[in-house]
Structures are given as structure tokens and as C-alpha cells.
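Counting convention: from 1, in listed order, for ligands and their atoms alike.
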Amino acid sequence: MRRFHLVCILLLVGGFLFCAWDVAWAAAETRPILTPKPGPAPRINGPSVQGCRPGRPFLYRIPATGARPIEFSAQGLPEELALDPATGIITGTTPAAPGEYVLTLVAENAEGKAERPLKVIVGDRLALTPPMGWNSWYIHYNRVTEQHMRNAADAMIASGMADFGYQYVNCDDCWTKHRNDKPYRDAQGNLLTNAKFPDIKGMVDYIHSKGLKAGTYTSPGPWTCAGYVGAGGHEEQDAQKIAEWGFDFLKYDWCSYGSYEHNQDLKVLQKPYALMGNLLKQANRDIVLNLCQYGMGDVWKWGAEVGGHCWRTTHDLGLMAANQLPSFYHAGLSNARHWQYVKPGGWNDPDYILIGTVGDARTGGPGAATSLTPDEQYSYMSMWCLMASPLIFSGDMARLDEFTLNVLCNAEVLAVDQDSLGKQARIVRQNDDELVLAKPMEDGSLAVGLFNLSAKPREISASWTDLGLTGKQIPRDLWRQKDLGATEGDYRAEVPPHGVMLVRLRGVEK
Ligand code: GAL
């Protein structure tokens with residue numbers, strides 16, 4: 001009897017504790033989570049194309065959700081490549097013969113099996129879909145260390161971000177020597193790292209061992225924007241070092257380049273990027289080049305010609321002032337205008353995804369929770385995906401909360417960004433209150449974002465005439481991953497202030 005009481009009390013206490021925890025959770029997490037949790041059965045995410053050059057190191061971790069262990073396999077894998085069935089990491093050297101290699105990726109666990117084609121295009125184009133990853137700037141600034149980078153790689157795996165296609169772990173400014181910290185280079189002119197990066201090759205190898213890619217940063221000028229050593233005058237040697245260390249991505253930031261040239265003619269603007277673009281093409285590994293010169297000289301018109309794979313179209317988002325609208329809307333609206341210039345391998349870059357815990361770029365201070373509302377964060381991510389922007393999160397990887405991950409990791413929203421047709425959304429309508437963007441997808445469907453720029457809830461519509469559609473369409477709510485009722489003539493939705501309705505419209509087959 002006494003024993004029974006004890007169990008009851010324990011159950012009661014347990015029940016109470018459970019309720020109390022539930023209430024506390026509800027109070028702490030009032031932000032609506034729209035993304036459905038991925039199920040236990042495998043689902044393969046990420047792009048369906050991968051561009052690479054012949055005879056270069058290849059690394060690809062198959063992004064897949066589902067209960068582990070998952071057993072991975074791939075049909076049609078060229079013999080130069082090998083797949084680890086336990087991790088889904090493909091390594092090796094790309095075939096020497098240019099061409100298209102069509103693989104079928106397979107992921108299987110106790111709950112089911114998923115298959116997905118991946119076309120590996122061996123040629124001279126990289127970044128056939130926008131790069132996805134993380135960058136250190138907006139959380140670590142000049143405090144960044146090698147350990148932060150290793151930890152970020154660990155967190156990209158542990159948080160599940162890598163299972164949705166995030167793969168670049170990119171160090172921003174402040175890893176070379178500061179201008180007050182001589183010597184800057186060794187006797188042979190090789191670039192030196194500062195004391196916070198004691199083993200940069202080991203760091204890159206570590207990132208690669210997780211199946212992830214490593215990115216770095218420098219400037220064509222003598223100094224980077226934060227006053228560290230740049231590549232100016234040592235471009236060839238530095239490009240070689242960057243390749244030798246094993247980096248896969250370079251952000252090349254204009255910064256002090258202006259000290260070499262006194263005008264900003266197009267030729268002057270292009271020169272340092274064409275130089276680095278050519279050097280990277282000759283490198284013995286594939287390195288994606290991100291042009292960072294804030295849009296000067298309409299970079300979207302020539303970024304690809306000089307060897308860039310993506311180019312910043314605006315000044316730093318983290319330094320932009322907000323008015324009625326938060327700053328991401330300003331960067332986004334400006335970037336949206338250049339939609340015609342985008343194609344696979346050449347993307348407009350409206351800067352990083354600043355949500356979660358982010359630092360203040362004006363002070364370089366430590367991170368604090370974003371002040372953006374949940375609706376604004378859904379708009380931010382929707383807009384970046386519709387614009388086929390690089391998706392580089394730059395908040396704190398050590399403090400990723402459930403809400404932030406729900407914004408970053410919705411497979412159907414990310415599929416809009418990663419679509420292999422490689423189009424940036426066209427502006428269908430823009431005024432003070434509304435923005436409508438439409439992005440054609442490879443399967444013939446149309447991703448449409450209805451953005452409410454006003455401070456009040458608002459019904460927003462897009463007609464088939466505006467969207468270039470006919471007949472019955474089924475809208476799929478991409479954030480909630482749900483089909484809505486078939487509609488004809490137009491699509492309309494009530495949209496919250498600064499919020500979005502993101503749908504994919506598919507024609508009903510007759
Ligand atoms: C800016 C750049 C930022 C960040 C910073 C580092 O010019 O736009 O994204 O890289 O330099 O100093």
C-alpha cells in the first residue's frame with residue numbers, strides 16, 4: 001500500500017512537473033513555429049546539381065533528415081569518387097573528362113528509403129545553386145578564433161543545419177596579422193596568420209572531416225576593412241596559399257584598394273577581381289569567389305565575367321539604418337531590382353541572414369537576440385530564397401534556438417533558393433505597402449511571395465495576368481508545407497504587418 005502511494009505521489013509530482021515545464025515552455029516560446037518537424041523517414045535535401053572543375057578535390061555531404069543511423073549509397077558514382085555509407089560524405093577527385101554525371105543518391109533507415117538525383121556537372125562552372133553556410137562576421141568580429149570556426153562546423157552538424165544543405169563554414173576578416181603586429185609575412189613573402197589562428201591548415205582539415213567546406217576572406221588592398229593584412233601586391237602568392245590550405249570559398253573585400261587607384265572607372269573596379277578570379281581558376285581546387293565591393297559600378301552586370309560567383313549588391317546590411325521597415329527589407333528591396341542578371345553560377349548577394357543571436361556591427365559588441373519580429377524573420381528568409389541569394393547565416397552558432405532553426409531550416413522554403421533553374425524572382429508589384437515577387441521553378445511551378453510592407457494586416461493578391469498564369473492552380477503554403485484549395489484567376493491572402501505569405505503555385509493537370 002505504502003508503495004502504491006509512493007508511485008501515485010511520484011506520478012502526481014511528475015505530472016505537475018511536466019505541466020509546469022509545459023507552461024514555462026509556452027511562455028518562453030511565444031514565437032509561432034511554422035516549419036513542420038522533419039519526420040523519422042529519410043528525406044534528401046539540397047541542390048540537384050553540383051558544378052565542379054575536372055581533376056579537382058571533390059567533397060559533398062549528402063544533406064538528409066531522418067532518424068539516424070541512415071545508410072547512404074549512390075548509383076552512378078564516377079569511379080574517382082567514394083561514398084562513406086555511414087556519414088553520406090562523398091570524397092575523391094572529380095573525373096578528368098568534362099561532362100554530366102547523373103547520380104542517384106539513396107538514404108535508407110528503419111523508417112524508409114529516399115532517393116534523389118544529383119547531377120554532377122564537370123566543366124568550368126561552380127556554385128550552380130547559391131552557396132549556403134555560415135560566416136563569422138556578425139557574431140565574432142575581430143574576436144574570431146580558430147576554435148570558433150571548428151565549433152561552428154560542429155554546430156552545423158549537431159543543429160541539423162547541414163542536413164538541410166548548409167555547408168560553408170566561412171571565416172571573415174581578422175585572421176591575418178593586424179597592421180600593428182609585424183611581421184606580416186615570412187621571409188619568402190608567405191602570408192602569416194595571427195595568434196588566434198595557430199593551425200589554419202588543421203582548422204580547414206577539421207571542417208572538411210565533417211564533410212563541410214571552409215571559407216576565408218581577404219582584400220585586394222593592402223589592408224582589410226578592419227585593418228588586417230590584405231592581399232594587395234601578393235595576390236598570386238596568397239591565392240596559392242589559400243588553395244594550399246584547402247579553402248573552398250573566398251570573400252574578396254574591396255576595403256583599402258582605393259588607396260592604389262584614384263578613380264573608380266569600370267576598368268579600375270574590375271581589375272582586382274579579374275586578377276583574383278583568374279588566379280582562382282588556375283588553382284588546383286574549386287574555390288567559390290564572393291565579390292564584396294558593395295555594388296559599385298553595377299557589379300551585377302559584370303561580376304560573373306571577372307570570375308565571381310556571387311557579388312554583394314549593397315553596403316553592409318548590419319550597418320543599414322531601419323526606418324518604418326527593418327534594414328533587411330532595405331537591402332532586399334535594393335537587391336530585388338537586379339533580378340535579370342542572375343544565372344546559375346552568378347548570384348546577387350544582399351548580405352547575410354542576421355537572425356538568432358547577432359552582434360551589433362556598429363560597436364562590434366557581443367551578441368543579443370534579434371529585434372526582428374517572427375513575421376519579419378519569415379519575410380527575410382522568404383525574400384532571400386525568392387531572390388536566389390546566397391544563404392549565409394551570420395549569427396551565433398553556439399546559441400541556435402528552436403525558432404531560429406525553424407526559420408533557417410524549412411526544406412521546402414530552401415528548395416526555392418536552391419532550385420536548379422537558377423532564376424531570381426521578378427518584381428511583380430512594389431509600392432509603399434506591398435511587394436510581390438515571383439520566381440519560376442525548374443518543374444514549371446511558380447514560387448510567389450506576398451510581402452506586407454505596411455504596419456497593419458493587409459489582404460494582398462496577385463492575379464494570373466500579373467503572374468503570367470492560366471487555369472486552376474494549387475497554392476502550397478511553403479512555410480507550413482501544406483497544400484491550400486485550388487484557385488483560379490488570382491491568389492490572395494491576409495498577410496501580417498511586415499510579414500509574408502510564401503506559396504508555390506502548381507497548375508492542376510487536366
Ligand atoms: C565589410 C564587409 C563586411 C565585413 C567587414 C569586415 O566591408 O562588407 O561584410 O566583411 O568588411 O571588416
Side-chain angles (χ1 to χ4, degrees), residues 130-131 133-145 148-149 152 168-181 184 191 193-194 196-197 214-232 238 242 247 249-260 264 269 272-273 276 288-297 299-300 303 308-321 327-328 330-332 334-335 347-355 358-367 380 384 389-396:
W134 172 81
N135 169 285
S136 62
W137 182 244
Y138 281 100
I139 187 65
H140 299 307
Y141 301 101
N142 62 359
R143 298 178 297 275
V144 68
T145 66
H148 287 135
M149 302 307 300
Y168 287 96
V169 180
N170 292 354
C171 185
D172 206 270
D173 200 348
C174 309
W175 61 273
T176 56
K177 292 288 206 83
H178 189 265
R179 58 195 302 170
N180 299 331
D181 181 16
Y184 307 141
L191 187 60
T193 61
N194 66 43
K196 291 184 284 169
F197 289 81
T216 190
Y217 166 105
T218 189
S219 168
W223 310 111
T224 67
C225 296
Y228 289 71
V229 174
D238 289 2
I242 284 167
F247 283 105
F249 185 106
L250 174 67
K251 171 173 171 182
Y252 207 38
D253 195 346
W254 177 268
C255 301
S256 62
Y257 187 79
S259 66
Y260 293 146
Q264 292 204 344
L269 294 176
Y273 290 100
M276 186 51 78
V288 167
L289 178 60
N290 178 207
L291 277 43
C292 180
Q293 47 84 290
Y294 339 113
M296 290 186 290
V299 65
W300 41 88
H309 301 102
C310 44
W311 39 83
R312 280 267 302 278
T313 55
T314 65
H315 282 284
D316 296 17
L317 198 161
L319 293 174
M320 281 183 192
S327 33
F328 80 84
H330 298 292
S334 158
N335 189 77
W347 313 102
N348 286 324
D349 173 6
D351 214 346
Y352 303 135
I353 308 281
L354 303 183
I355 61 172
V358 277
D360 180 346
R362 284 174 200 86
T363 61
Y380 198 153
W384 262 233
S389 310
L391 295 177
I392 311 282
F393 173 61
S394 189
D396 196 345

- Please name all residues satisfying disulfide bond (SG atoms under 2.5 Å apart) with C255, sequence neighbours left out, ordered by chain then number. C225
- No-hydrogen, no-angle side-chain donor-acceptor test under 3.5 Å, N348 and W311: yes
- Query: Mind checking whether H140 and W134 have parallel, tilted or perpendicular rings, split at 30° and 60°?
  - Reply: perpendicular
- Message: Just to be sure I understand the cut-off, which residues have at least one non-hydrogen atom under 4.0 angstrom from an atom of ligand 1?
- Response: W137, D172, D173, Y217, C225, A226, K251, D253, C292, Y294, R312, D316
- Any sub-3.5 Å donor-acceptor pair from Y380's side-chain atoms to L354's backbone N or O? yes
- Check side chain to side chain contact (heavy atoms under 4.5 Å, CB included) between T193 and all other residues, then give those that pass, not counting sequence neighbours. W175, F197, I200, W245
- salt bridge (charged side-chain N to carboxylate O under 4.0 Å, His left out) involving D351 - partner list, sequence neighbours excluded: R312
